[in-house]
Amino acid sequence: MFNKRVRIKELLSNESANYQATVMGWVRTFRNSQFIALNDGSTNNNLQVVASLGDFDDAILKRLTTGACIKVEGEVIASLGKGQKVELKASSIEILGDSDAEKFPLQPKKHSLEFLREIAHLRFKTNTFGSVFRVRHSLAFAVHKFFNDKGFVYLHTPIITASDAEGAGEMFRVTSLPLDGTAPKNEDGSINYKEDFFGRSTNLTVSGQLEGELAAMAFSDIYTFGPTFRAENSNTTRHLAEFWMIEPEVAFNDLEDNMNLAEEFIKYVIKYAIDNNKEDIEFLAQRLEEEEKQKPQNERNEMTLMEKLDFVVNNDFERLTYTEAIEILKESNHNKKKKFQYLIEGWGADLQSEHERYLVEKHFKKPVILTNYPKDIKSFYMRMNEDGKTVAAMDILAPGIGEIVGGSQREERLDRLTQRMNEMKIPAEELNWYLDTRRFGSCPHAGFGLGFERLVQFVTGMGNIRDVIPFPRYPKSAEF
RNA sequence: UCCUCCUUAGCUCAGUUGGUUAGAGCAUCUGACUGUUAAUCAGAGGGUCUCCCGUUCAAGUCGGGAAGGGGGAGCCA
């Protein structure tokens, strides 16, 4: 019985009329005791179901409240009203699930994102989040399509890891030992993890990169796409404790190949979303424009969301070295007039958010790829350049959200790598399995990590990362 | 973790120099109307003014503290 239903998106896009159809969905509004705006999540557009006066009992009509789930059978006809081309003239209406109008928190009106965040389990039922999560789906699908079409192997890296030497951030501990103080102890009073489930101390992964490198040393081209966890006490609009990361790792690629891959990848998935979710992105663009009207003129975006996405797809990213970026920043009027909170004094310091934003949003007005950072502000596995001062790193900075990609050519020379690990006090014995890649058939290779939620933010224009993941995890928050 | 702003009805918000019974729009309920498009019209119900302590004859309003939330910073993706 249920499989006979027509999706509302199909029914509306197929504009023919005069046929019988069954639809199921949730009531958005019930107007004039006759007109049901019905939504099934396939599109933001509602189907107008007409319950002609006198055709239905009051007992049924009373239950057509906002949020109620119904099944409707009837005839699709050319609409007698102006708002839509076709409508469904109901012959039978069945209530599948009631929704108490006095208690259901969603109303046919605009809600604040902050309020919806408190009822994140219900926000899928709104237009904004419907659009956001349909776009998120398309982007996720496009990630796999892009790499699959290029012959990459999708590698599942572990969620639970033993290494705590990656230095990518604070980790969540994984244990089955009791927390009431009765856990087995060593002689010095520390917890004896030999007695723990895995016989050692374990954590949730902060990155699949090191495991990805192992596979790249056999398959040549791999990518990961999975959840990662950071226990940092970050309270910002662009950090989550649980987020999804895409990490390609490619043998025989150098830094430039790596940049080319990242740029092609970003353009591909954005184009895919534009081509497949035009309606949703246009809806989000309009939402964003209304939000922008609340802001003063000088804080508004120059481009609409759709213009911004088209621009990114059709223009080359600006590529420059860290050293060149420092020069531009140092010589900028912004720096000379001391408008930066942190003034650029010289070479060597990490760039602050304000500097990245200046380069991307003021100076170049496009995505920027920064390369060859000082070795002291980057990770141990990045390949040392000939100058001995910089490493073959690259960060991609996007307007509005900052760093969206971090990557590098990896240090494939065992002696250089172990030397860097010593300098940075990374225990080599714990990463012996990783160092084996350099012992047995090492080769030049490169890869990057892309924060999936930041990509979704960029494409949907949503300002807060908590609004682009279905069930956000952040400090003091793991409800739903 | 730091800086900053905010917390009044289900939601979004007003609330004067501290002063009687704290308001509006939307939502909800009742009724009317019936081709509506976040329907319209009339009426009704709905409040521990986030919590605790203090100042005062008197606190939604002033002071201190706590909790929750927004924005920014750091960490990063």
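Everything numeric here is computed off the predicted structure, so don't read it as measured data. A note on names: the letters A, B, ... follow the listed sequences, proteins ahead of strands, and every chain is numbered from 1.
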Which pairs, protein N/O on one side and nucleotides 48-52 of chain B N/O on the other, fall under 3.5 Å?
none

Can you give me the N/O atom pairs linking the protein to nucleotides 32-35 of chain B at distances under 3.5 Å, or say none if there are none?
residue: B:U34; atom: O2'; partner: A:Q34; partner atom: NE2; Å: 3.3
residue: B:U34; atom: O2; partner: A:N32; partner atom: O; Å: 3.0
residue: B:U34; atom: O2; partner: A:N32; partner atom: OD1; Å: 2.2
residue: B:G35; atom: N1; partner: A:E87; partner atom: OE2; Å: 2.9
residue: B:G35; atom: N2; partner: A:Q48; partner atom: NE2; Å: 3.4
residue: B:G35; atom: N2; partner: A:G81; partner atom: N; Å: 3.0
residue: B:G35; atom: N2; partner: A:E87; partner atom: OE1; Å: 2.7
residue: B:G35; atom: N2; partner: A:E87; partner atom: OE2; Å: 3.1

Show me the side-chain donor-acceptor pairs of residues 392-401 of chain A shorter than 3.5 Å, one per line, residues at least two apart or across chains.
residue: A:D395; atom: OD1; partner: A:K378; partner atom: NZ; Å: 3.4
residue: A:D395; atom: OD2; partner: A:Y373; partner atom: OH; Å: 3.4
residue: A:D395; atom: OD2; partner: A:K378; partner atom: NZ; Å: 3.0

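For B:U36, neither phosphate oxygen OP1 nor OP2 lies less than 4.0 angstrom from any side-chain nitrogen or oxygen of A:R28. Between A:R117 and B:G70 there is a side-chain polar atom (N or O) within less than 4.0 angstrom of OP1 or OP2. Taking only side-chain nitrogens and oxygens, A:S234 never comes nearer than 4.0 Å to OP1 or OP2 of B:G74. Taking side-chain N and O atoms only, A:S112 has a distance below 4.0 Å to OP1 or OP2 of B:U12. Between A:R238 and the phosphate of B:C75, there is no side-chain N or O to OP1/OP2 separation shorter than 4.0 Å. Neither OP1 nor OP2 of B:C76 sits under 4.0 Å from any side-chain N or O of A:T236.
Between A:Q209 and A:Y381, the side chains place a donor N or O and an acceptor N or O closer than 3.5 Å (distance only, hydrogens not considered). Defined by atom type and a distance below 3.5 Å, a donor-acceptor pair is present between the side-chain atoms of A:T390 and A:N385.
Looking only at side-chain heavy atoms (C-beta outward), A:R287 and A:T128 come within less than 4.5 Å of each other.
Between A:F452 and A:F243, a ring centre-to-centre spacing not shorter than 6.0 Å is recorded. Ring centroid separation for the pair A:F340 and A:H355 comes in under the 6.0 Å cut-off.
Ring orientation note: the planes of A:Y272 and A:F141 are tilted relative to one another, at an angle of 30° to 60°.
By the ring-ring contact (aromatic ring centres under 6.0 Å, His included) test, A:F265 is found to be paired with A:F146, A:F147, residues two or more places apart in sequence or in another chain being considered.
B:G72 atom P lies 18 Å from atom CZ of A:F340, rounded to whole Å. The CE-C1' distance, from A:M245 to B:C76, rounds to 10 Å in whole Å.
Across all strands, A:L106 comes closer than 4.0 Å to no nucleic acid atom at all (heavy-atom distances). Backbone-only contact: A:E102 has heavy atoms under 4.0 Å from sugar-phosphate atoms and none from a base. Among the atoms of the strands shown, base atoms are found under 4.0 Å from some heavy atom of A:N235.
Residue A:S131 comes nearest to A:F283 through the heavy atom pair OG-CD2, 3.6 Å, listed as atom of the first residue, atom of the second, then distance.
Residue pairs that meet the ring-ring contact (aromatic ring centres under 6.0 Å, His included) test with at least one member in residues 28-60 of chain A, sequence neighbours left out, do not exist here.
The listed nucleotides are B:A73, B:G31, B:G10; the one nearest the side chain of A:Q352 is B:A73. Across B:G68, B:G71, B:G10, the shortest atom-to-atom separation from the side chain of A:K476 is found for B:G68.
When each of A:D467, A:I404, A:L240 is checked for a side chain to side chain contact (heavy atoms under 4.5 Å, CB included) with A:E453, only A:L240 meets the rule.
Taking atom C1' in both B:C62 and B:C3, one finds a spacing of 24 Å when rounded to whole Å. Across B:C11 and B:C5, the matching P atoms stand 25 Å from one another, rounded to whole Å. Remark: the separation of the C1' atoms in B:G31 and B:C6 is 41 Å, to the nearest Å. Spacing between B:G71 and B:C29 at atom P, rounded to whole Å, works out to 33 Å.
In this structure a side-chain-to-backbone donor-acceptor pair under 3.5 Å is missing from A:R238 to A:Q457.
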Exercise. Could you write out RNA chain B as a dot-bracket string, with dots for unpaired bases, | for bases paired across to another strand, and Watson-Crick or G-U pairs counted at under 3.5 Å?
Worked result: (((((((..((((.....[...)))).(((((.......))))).....(((((..]....))))))))))))....
